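Below you'll find the structure, written out as structure tokens, and then a few comments.
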Amino acid sequence: MVTISSASTKPTWISALLLVLATTTIRVHGQSSTSGFISLDCGYRNTTPYTDHKIQGIQHQSDVGFIEGGLTNQVAAAFMAGAEYESQKTLRSFPNGSRNCYTLPSATGKKFLVRALFTYGNYDGLNRTMDGSLFRFGLHIGVNFWEAVNLTNMHPSSTIWKEVLTVAPGDSVSVCLINFGTGTPFVSSLELRPLQDAMYPFVNSSMSISYFRRIRFGTATEYITRYPLDPYDRFWEGWSFSYNTYPWMTLNTSTQVRRLPGDNTFQVPEGILQGATTLDTNYSFFEINVAAGPNLDAKNLQLLPIFHFAEINISNQNRRFDIYSDNDLLFPDFSPSRFQADSMHQNGRFLHNPAAIFLLNKTRSSRLPPLINAFEVYSPVRMDNLTTDAEDAHYMNEVKKHYNLARINWNGDPCSPREYSWEGLTCDYSKRNQNPRIVAVDLSTSGLKGGLVIAFMNMVSLENLDLSHNNLTGAIPDYQIKSLRVLDLSYNQLDGPIPDSILQRSRAGILDLRLEGNPVCSKVKDTYCSNKKKNKSTMLIAVIVPVVLVSLLVVMCILWKLCWKGKSADNEDYAMYEEETPLHIDIRRFTYADLKHITNDFKQIVGKGGFGTVYHGTMENGDEVAVKVLMETSIAESTDFLPEVQTLSKVHHKNLVTLQGYCQNTKCLALVYDFMPRGNLQQLLREGDDYSLTWEQRLHIALDSAQGLEYLHESCTPSIVHRDVKTANILLDKNLVGIIADFGLSRAFNDAHTHISTVAAGTLGYLDPEYHATFQLTIKTDVYSFGIVLLEIITGKPPVLMDPHTYHLPNWVRQKIAKGGIQDIVDKRLLDQYDPSSLQSVVDLAMNCVESAAVDRPSMTEVVSRLKVLLPTTPSSKVYASASSTKSTNDIMRKQFQLLISGDGNEESSSSFQSGYTNQSGYTSRMAELPALSGR
Ligand SMILES: *[C@@H]1O[C@H](CO)[C@@H](O)[C@H](O)[C@H]1NC(C)=O
Ligand SMILES: *[C@@H]1O[C@H](CO)[C@@H](O)[C@H](O)[C@H]1NC(C)=O
Ligand SMILES: *[C@@H]1O[C@H](CO)[C@@H](O)[C@H](O)[C@H]1NC(C)=O
Ligand SMILES: *[C@@H]1O[C@H](CO)[C@@H](O)[C@H](O)[C@H]1NC(C)=O
Ligand SMILES: *[C@@H]1O[C@H](CO)[C@@H](O)[C@H](O)[C@H]1NC(C)=O
Ligand SMILES: *[C@@H]1O[C@H](CO)[C@@H](O)[C@H](O)[C@H]1NC(C)=O
């Protein structure tokens, strides 16, 4: 922030410092102690600590052992000669990696000053600061952004420094250099100084402050005053070395300047308070301009000023003044106490002061102009991001050490901040105000050697551990991690007995264990030792005559290749990656070729979205199907997909879409569902002004969907939360029966991408408000969304209304009812053909479902019974009397409906059914709507 540029080749502030050292030696105060000081000379290779004879009493040491990567460098010879301050001669640069972190030991909750110094010194011979391009990199304190270092246009001999006052979140403090892509980050020295807990009380675990400027007034012969005058080794800049725009007068005293007993907040050294700056008595105000040059981003500047005063003039004349920040009067009519320290600050309040100018103005009654002894200004560093759970981080570091993993980004905190999280880890950030946890570790094909490290056992949040395709040896340890769902140890050299607890969990279906390709499998013949689902005899054959099998495979491969010759490369990939599933799924498994055939080469697209594309298909027996091809490759690797399909294949209910089959290979995943010719409810409600569903049809569809949800919630164990109930996910079969789609799948997606799970569930307008606070998805989340669906059914309006103002549907309904009456909200296309009392009941039910507190919402069972009351089990003439009859097709539809609800619906009568609809699939996706939500 502060630079002194000159044309000399001497590192400039150092020459000024020399003066200090010459004079401060006589000022050493007895109480100074360097205990707890850490002073790293970055890039210094000699491991023996040294004392720089120019900085009394502080031991410097090499940074080896505090950092893993980086290159050691020296400043160019031209600057070397002038550098009399040892630590400025060398530096460590970081050409590789986007984040490189130093780890400094500390104690949890301890307050520290951390300072980093930078002297470029043209170490790389590139004249990088002066080559006209931007030279800027970033600093993190722990997992939070601290400040940018902008060296653009600086003289290579300049030294700049950054300081932060912070509280250690754990037993270490890390300082990271961030590569912004505008120049290689480097650092010359790094210093850590313990502070007392009572100092700077506004610094706590959620707020750190970054040094902006720290000035001592009065006469100072030195540019920087530091240790030992200041036992905390803060850098105090001499004001006399700054501009001279005012008729300054300096005051100095040797009389003692006291601090009030118990005033330990700032501990400004007495030697500094014994000097002050004031003005010629003809003047009445002065400005302290701390704007620090062009390399600073002043626009968003927020500053926290701390003024230190002590009246050290022996005359008894009164001195009163107003203290302003820009135009903001901070302290009116202040009068400094005689020979006593007064520190004025606003309890950690940050002020918007883009000009960085502070004004001291004499009041009318004052005889003397203002005076000031010392001044500190800080800017905020918000510590919003939490470090990874300490245990997880500890054990993950143990794993890293054990296997000697020199992965380039395995540096600093494992999970935080998100964009720098370690490659191969999946972290759970979903619990606000809680440290991120590691839920998945993927170290497959990482060249791991030796035994399985026990550290994993202590990671209690771990769900998925993939150590496949390494060279791990020895026995399998008894990994008793309750949360573990997938343990993939395939293709290693593991041997010895498999621990019972693991076997039991695997057999119980709680743990997906994979051991194929290990010596241990030569003795065991169980499903976890095979990536193929096959019976014992084929297994035997496979063991006895593997050669035959291999040759067969080769032949098959060649045949495949021949078959696919001339086809697109994509197709070939799919075909080649066909593989068997390790799970027992009772539904049909399709190959890619099957799907291609069924869909007539993927000819007719009936829906599109983030999950993939939906194609129309016709099975061999003539049944129409919807083929949803999930294209995202990461899903293909997802271990959650198949278990989810397994779950879905077991869910059977007349109001839930039936999964006919699936296709799984490494490059393509697809689900095959019954085709729903009438599209989805959203289309029916919004499209086409010439025809509308009748009130009874709407009620029936509502009841159908409610029953589907009730089944998911109450009859499945564990209950399935749909997570994305909306009109677009309510499909209609040819008899207009409401069928719920897209349940379960969202879970496979979300769990595979834990980092998006907090936003991926739900669609804008349907999402439970409580979810934003708790991030917990419960069955009541679905009830809320269903309430929105009911409101849409009543009003025919979308969940979020745009015209003329943006309204959330429940609010719109409330307002309309409050202003007019219930008739104002009803879909106009119903042409008043509805039973007002049943309408009132449905509105009540809907509003009940969208209660903001989940506990106040009914269960789906209650919803179902309340809807059932409104619909007679056999249609009466009364029901029909209230139905809309604007179009001739309605009569047919009504007849159809009658058959349906009376249980008489059959194929013949259905096939006679005609309508003006175009066939549309309702397989839409929520992913396209994600960006709107992710900003939360
Ligand atoms: C940086 O990366 C380059 C190329 O990837 C490599 O050759 C070099 O050894 C790496 N340097 C360090 C210090 O890791
Ligand atoms: C560095 O670049 C500046 C500006 O281009 C030039 O004036 C200066 O001589 C260069 N210095 C060296 C050492 O190359
Ligand atoms: C916290 O992390 C987020 C996401 O990684 C990042 O965008 C944000 O800047 C970080 N906040 C701070 C204060 O560093
Ligand atoms: C960095 O400093 C240069 C030179 O003063 C300035 O032009 C540039 O705007 C600064 N960049 C940022 C991002 O502050
Ligand atoms: C200083 O205070 C006087 C009144 O005491 C006022 O008239 C004057 O404008 C102030 N000066 C500045 C620069 O604010
Ligand atoms: C795996 O380890 C074994 C035993 O240490 C060794 O013989 C073998 O060469 C290793 N294989 C690989 C691929 O590193």
Side-chain angles (χ1 to χ4, degrees), residues 1-3 5 98-99 118 120 128-155 158 160 164 166 169 174-176 178 180-183 205-210 246 279 283-289 291-302 320-334 355 357-370 379-388 412-422 427 429 432-433 435-436 755-756 758-759 934-936:
M1 207 170 296
V2 177
T3 79
S5 295
S98 56
R99 174 177 73 165
F118 309 86
Y120 169 63
R128 190 62 183 78
T129 55
M130 306 278 277
D131 68 0
S133 65
L134 189 64
F135 186 14
R136 187 170 171 269
F137 52 89
L139 293 176
H140 280 186
I141 179 74
V143 296
N144 290 283
F145 184 74
W146 163 10
E147 212 170 304
V149 180
N150 187 355
L151 295 165
T152 316
N153 294 340
M154 286 212 177
H155 194 272
S158 308
I160 71 163
V164 66
T166 191
S174 64
V175 174
C176 308
I178 308 297
F180 286 157
T182 48
S205 57
S206 59
M207 176 62 77
S208 297
I209 54 177
S210 177
Y246 286 92
L279 293 171
Y283 293 82
S284 62
F285 71 91
F286 63 80
E287 281 178 346
I288 308 167
N289 184 340
N295 284 26
L296 198 81
D297 171 22
K299 280 192 296 290
N300 302 312
L301 220 50
Q302 282 190 297
R320 310 192 75 87
F321 49 93
D322 295 329
I323 304 170
Y324 293 86
S325 159
D326 213 359
N327 287 320
D328 205 357
L329 177 57
L330 299 183
F331 306 104
D333 203 21
F334 174 76
I357 292 176
F358 298 87
L359 172 75
L360 275 61
N361 187 10
K362 186 175 105 149
T363 57
R364 259 182 249 282
S365 62
S366 176
R367 283 216 28 130
L368 297 174
S379 53
V381 175
R382 297 184 206 285
M383 308 293 272
D384 297 338
N385 291 334
L386 299 176
T387 52
T388 305
D413 191 271
C415 296
S416 197
R418 276 184 210 201
E419 59 261 52
Y420 296 100
S421 65
W422 294 4
C427 303
Y429 305 92
R432 275 199 307 184
N433 304 324
N435 304 67
H755 58 286
I756 58 163
T758 55
V759 293
S934 57
R936 288 159 196 266

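This one's a predicted model, so the numbers in the text were calculated from it and none came from an experiment. As the structure lists them, so they are numbered: ligands from 1, and atoms in each ligand from 1.
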- Does the cation-pi check pass for R128 over Y120, that is, NZ or CZ under 6.0 Å from the six-membered ring centre and within 45° of its axis?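 Pair R128/Y120 does not count as cation-pi.
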- Heavy-atom distance under 4.5 Å between the side chains of I178 and L139, does that happen here?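 A side-chain contact is absent here, since even the closest heavy-atom pair is not under 4.5 Å.
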- Message: When you compare the side chain of Y420 with that of S98, does any pair of heavy atoms fall below 4.5 Å?
- Response: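 Yes, side chains in contact.
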- Query: N144 heavy atoms, cut-off 4.0 Å: which ligand 3 atoms fall inside?
  - Reply: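 So the atoms of ligand 3 that pass are 12 (C), 13 (C), 14 (O).
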- Message: Taking 4.0 angstrom as the limit and counting only heavy atoms of R418, give me the atoms of ligand 3 inside it, by number and element.
- Response: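 Heavy-atom distances to R418 below 4.0 Å select 5 (O).
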- Query: Can you list the atoms of ligand 4 that are under 4.0 Å from a heavy atom of N150?
  - Reply: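 With N150 as reference, the close atoms of ligand 4 come out as 1 (C), 2 (O), 3 (C), 8 (C), 10 (C), 11 (N), 12 (C), 14 (O).
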- Atoms in ligand 4 flagged as close to N153, the criterion being non-hydrogen separation under 4.0 Å: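 It comes down to these atoms of ligand 4: 4 (C).
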- Message: Tell me whether Y283 at atom OH has more than 12 heavy atoms from other residues, nucleotides or ligands lying less than 6.0 Å away.
- Response: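 Atom OH in Y283 is not crowded, with 12 or fewer foreign heavy atoms closer than 6.0 Å.
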Closest protein heavy atom to [atom], given as residue, atom name and distance to 0.1 Å:
atom                    : result
atom 5 (O) of ligand 3  : E419 OE1, 2.2 Å
atom 14 (O) of ligand 3 : F145 N, 2.8 Å
atom 13 (C) of ligand 3 : R382 O, 3.2 Å
atom 4 (C) of ligand 5  : R364 NH2, 4.0 Å
atom 2 (O) of ligand 3  : N385 ND2, 2.3 Å

Over all heavy atoms of both residues, which pair between [X] and [Y] is shortest? Give the atoms and the distance, please.
X    : Y    : answer
Q302 : R382 : OE1-NH2, 3.0 Å
G412 : R99  : C-NH2, 3.8 Å
C176 : G142 : SG-O, 4.0 Å

- Verify the ring-centre separation between F180 and F137: is it less than 6.0 angstrom?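 Ring centroids of F137 and F180 are no less than 6.0 Å from each other.
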- Item | Any N/O pair N361/ligand 5 closer than 3.5 Å |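 Yes; at least one N/O pair falls below 3.5 Å.
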- Query: Can you find a protein heavy atom under 4.0 Å from atom 9 (O) of ligand 3?
  - Reply: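 It does not: no protein heavy atom is found less than 4.0 Å away from atom 9 (O) of ligand 3.
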- Query: Hey, does D322 sit under 4.0 Å from ligand 5 if you only count heavy atoms?
  - Reply: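 In this structure, D322 fails to qualify as a contact of ligand 5 - no heavy atom is under 4.0 Å.
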